[in-house]
There are 2 protein chains.
Amino acid sequence: MKEGPDIAQIGALIGDPARANMLTALMGGKALTATELAAAGGITLQTASAHLAKLEAGQLLAQRKQGRHRYFALADDSVGKLLESIMGFAAGRGHLRHRPGPKEPALRKARICYDHLAGDYGVRMLDSLVAQGAIDAVGDGLALTADGESQLQSMGIDVRDLRSSRRPLCRSCLDWSERRAHLAGSLGKALLSSFFEKGWAHRTAGSRSVVFSPEGERQFLALFPAVS
Amino acid sequence: MKEGPDIAQIGALIGDPARANMLTALMGGKALTATELAAAGGITLQTASAHLAKLEAGQLLAQRKQGRHRYFALADDSVGKLLESIMGFAAGRGHLRHRPGPKEPALRKARICYDHLAGDYGVRMLDSLVAQGAIDAVGDGLALTADGESQLQSMGIDVRDLRSSRRPLCRSCLDWSERRAHLAGSLGKALLSSFFEKGWAHRTAGSRSVVFSPEGERQFLALFPAVS
DNA sequence: ACAATGCTTCGGTTACGATCGAAGTATGAA
DNA sequence: TTCATACTTCGATCGTAACCGAAGCATTGT
């Protein structure tokens with residue numbers, strides 16, 4: 001009767017509230033120290049250390065020693081994908097941890113989903129790219145058109161370089177707040193990075209939300225007009 | 001710091017081995033009674049009853065009373081999708097519960113993934129449909145072509161009828177054994193059903209594996225030739 | 001009406017794991 | 001060397017939830 005992969009193990013890893021909070025914190029894409037993660041989980045350093053060891057043994061996290069710090073990050077983007085998919089599922093069932101708090105609106109507007117843009121702005125960007133003919137959407141799949149490639153090159157994104165990576169260029173990712181797709185994959189990552197580099201937006205301290213500057217917001221909205 | 005949906009709750013639900021076994025058993029697509037699920041989980045009826053109540057409260061399961069039996073099934077196909085995605089993740093990390101046992105080969109060859117065909121045969125079917133031009137694959141997305149529609153109609157599948165459902169027609173689903181995509185969605189379901197109706201294949205008792213009859217296998221392989 | 005089957009509820013036990021204080025190790029700075 | 005910071009390991013406590021036996025409902029069959 002015991003068939004297939006062991007889903008209980010990773011379920012249990014994600015199932016502890018402290019660990020779930022730490023993982024959620026790491027969805028911001030930045031590597032964090034054990035101390036920071038302890039704060040995110042609302043537990044002491046010793047307890048966090050035990051949790052982190054388990055998460056690492058389960059291959060959900062990877063650690064990088066750097067001086068006397070120990071940085072933890074999600075093992076790879078498949079972990080981020082998994083977590084976001086569970087979030088989407090949980091949100092669909094109304095399993096929200098809290099009724100919409102003060103920070104929720106900012107999160108819904110624009111946030112980091114591991115390494116790309118999600119939330120209202122993330123959905124808008126993808127919709128707009130599809131409407132402009134830069135991306136072809138078939139079912140759940142996304143593909144960059146020749147037209148879109150030149151369009152992105154002119155925005156300073158080296159598509160050819162991205163293609164060389166093993167990671168898929170375009171990937172749709174379901175948004176837990178909007179319940180619609182936004183752009184993931186290496187292209188999604190590159191776009192978000194370019195927004196940061198241009199100074200259009202920056203990440204906030206202890207949160208996954210992305211804050212746009214007034215000028216950056218203007219540019220973003222002009223570049224990705226709303227789709228009817 | 002507490003942001004976003006509560007992934008810990010569903011993680012915990014899936015994280016218990018007994019519950020995970022019951023959910024895995026339900027991935028076979030058939031509704032099962034509490035007694036059957038207790039056996040699948042390796043626990044007594046009382047314990048199973050408590051677990052089932054929790055799973056139902058968490059909206060992972062739906063129950064249907066029928067006479068003095070109580071049938072449990074996955075709440076909807078999004079639950080199946082979630083479980084399969086976790087399985088894919090777990091398999092990728094080598095978190096297999098057992099080293100490949102006697103039943104593994106049959107599971108790898110052909111099995112039910114909630115309501116459609118997975119495993120080697122599932123992958124072959126999709127590859128073949130794509131090679132024949134019946135389905136367009138763009139990135140991860142799948143779309144039925146006009147050509148494919150008539151092709152399927154001639155196989156006795158009423159595509160127009162399927163279109164009317166809210167569920168997507170084509171959907172790709174990542175296989176944990178093959179690590180490649182197979183066909184899900186209402187079309188995937190309809191195809192598997194037709195194989196059962198034609199007597200090409202049948203499901204096995206307490207397992208998710210699908211067994212083809214010699215004649216059914218011949219027909220299937222002829223209809224979906226291997227792709228280079 | 002009575003028995004049989006299928007499942008739930010109750011009560012009590014048990015075991016596991018999350019937690020933290022305290023002590024130990026490693027790295028860097030003074 | 002000495003101190004400070006960052007983290008891990010140890011040891012003990014505690015709470016929760018998984019578990020089962022027994023009793024209680026509910027439905028069906030005779």
Side-chain angles (χ1 to χ4, degrees), chain A residues 1-2 6-26 30-73 95 97 206, chain B residues 1-2 6-26 30-73 95 97 206:
Chain A
M1 210 57 58
K2 307 265 177 61
D6 187 2
I7 62 174
Q9 191 177 6
I10 59 177
L13 283 175
I14 298 175
D16 179 80
R19 282 196 290 261
N21 284 334
M22 293 194 280
L23 289 170
T24 303
L26 288 171
K30 266 193 298 199
L32 299 174
T33 66
T35 310
E36 290 169 321
L37 286 168
I43 49 179
T44 61
L45 191 53
Q46 311 92 291
T47 309
S49 182
H51 283 309
L52 290 170
K54 284 184 190 180
L55 288 171
E56 202 185 351
Q59 302 181 58
L60 293 184
L61 294 185
Q63 78 167 280
R64 202 176 68 232
K65 293 181 77 165
Q66 200 165 94
R68 61 179 149 186
H69 290 277
R70 209 157 271 205
Y71 284 96
F72 291 87
H95 286 325
R97 219 160 4 183
Chain B
M1 209 58 58
K2 307 265 177 58
D6 188 3
I7 62 173
Q9 191 177 6
I10 59 177
L13 282 176
I14 299 175
D16 180 82
R19 282 196 291 262
N21 283 334
M22 293 194 280
L23 289 169
T24 303
L26 288 171
K30 265 194 296 198
L32 299 174
T33 66
T35 310
E36 290 168 320
L37 286 169
I43 47 182
T44 63
L45 191 53
Q46 313 91 290
T47 308
S49 182
H51 283 309
L52 290 170
K54 285 184 190 182
L55 288 171
E56 202 185 351
Q59 300 180 61
L60 293 184
L61 256 48
Q63 77 167 283
R64 201 175 69 229
K65 292 181 77 165
Q66 199 164 96
R68 62 180 150 188
H69 290 276
R70 209 157 270 207
Y71 284 96
F72 291 86
H95 287 323
R97 219 159 9 184

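So that the names make sense, note that chain A is the first sequence line, chain B the second, and so on, each numbered from 1. Only a predicted model underlies this, so the values are computations on that prediction, with no experimental measurement involved.
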Atom [atom1] of [X] and atom [atom2] of [N]: how far apart are they, to the nearest Å?
X	N	atom1	atom2	result
A/Tyr71	D/dT5	OH	C1'	13 Å
B/Gln63	C/dC7	CD	C1'	10 Å
B/Arg70	C/dT5	CZ	P	19 Å
B/Asn21	D/dA18	CG	C1'	14 Å
B/Arg64	C/dG6	CZ	C1'	16 Å
B/Glu36	C/dC7	CD	C1'	13 Å
B/His69	C/dC7	NE2	P	6 Å
B/Glu56	C/dC7	CD	P	13 Å

Evaluate the side-chain proximity of [Y] to [X]: yes if any heavy-atom separation is below 4.5 Å, no if none is.
X	Y	result
A/Leu26	A/Leu37	yes
B/Ile43	B/His51	yes
B/Thr33	B/Tyr71	yes
B/Phe72	B/Leu32	no
A/Ile14	B/Ile10	no

Any residue in residues 42-55 of chain A with a heavy atom nearer than 4.0 angstrom to DNA chain C? Just list them by number, or reply none.
A/Ile43, A/Thr44, A/Gln46, A/Thr47, A/His51, A/Lys54
Contact summary for A/Ala48 and A/Ala34, nearest pair of heavy atoms:
CB-O, 4.4 Å
Minimum-distance pair of heavy atoms, taken over all atoms of B/Ala8 and A/Pro17:
CB-CA, 3.9 Å
To the nearest 0.5 Å, tell me how far B/Leu45 CG sits from B/Glu36 CD.
11.5 Å
Would you confirm whether A/Arg19, through its side chain, and A/Gly41, through its main-chain N or O, come within 3.5 Å as a donor-acceptor pair?
no
Using modelled atom types and a 3.5 Å cut-off, is there a donor and acceptor pairing between side-chain atoms of B/Thr24 and backbone atoms of B/Ala20?
yes
Determine the sole option in A/Asp16, A/Leu55, A/Leu13 for which the side chain to side chain contact (heavy atoms under 4.5 Å, CB included) test with A/Leu23 is passed.
A/Leu55
Where the side chain of B/Thr33 is concerned, which of C/dA18, D/dC7, C/dC7 is the nearest nucleotide?
C/dC7
How does protein contact run along nucleotides 24-30 of chain D, one letter per nucleotide 5' to 3', with B for base contact, S for sugar-phosphate only, - for none, heavy atoms under 4.0 Å?
---BBS-
Under 3.5 Å, which protein N or O atoms sit close to an N or O of nucleotides 14-16 of chain D? Give each pair with its distance.
none

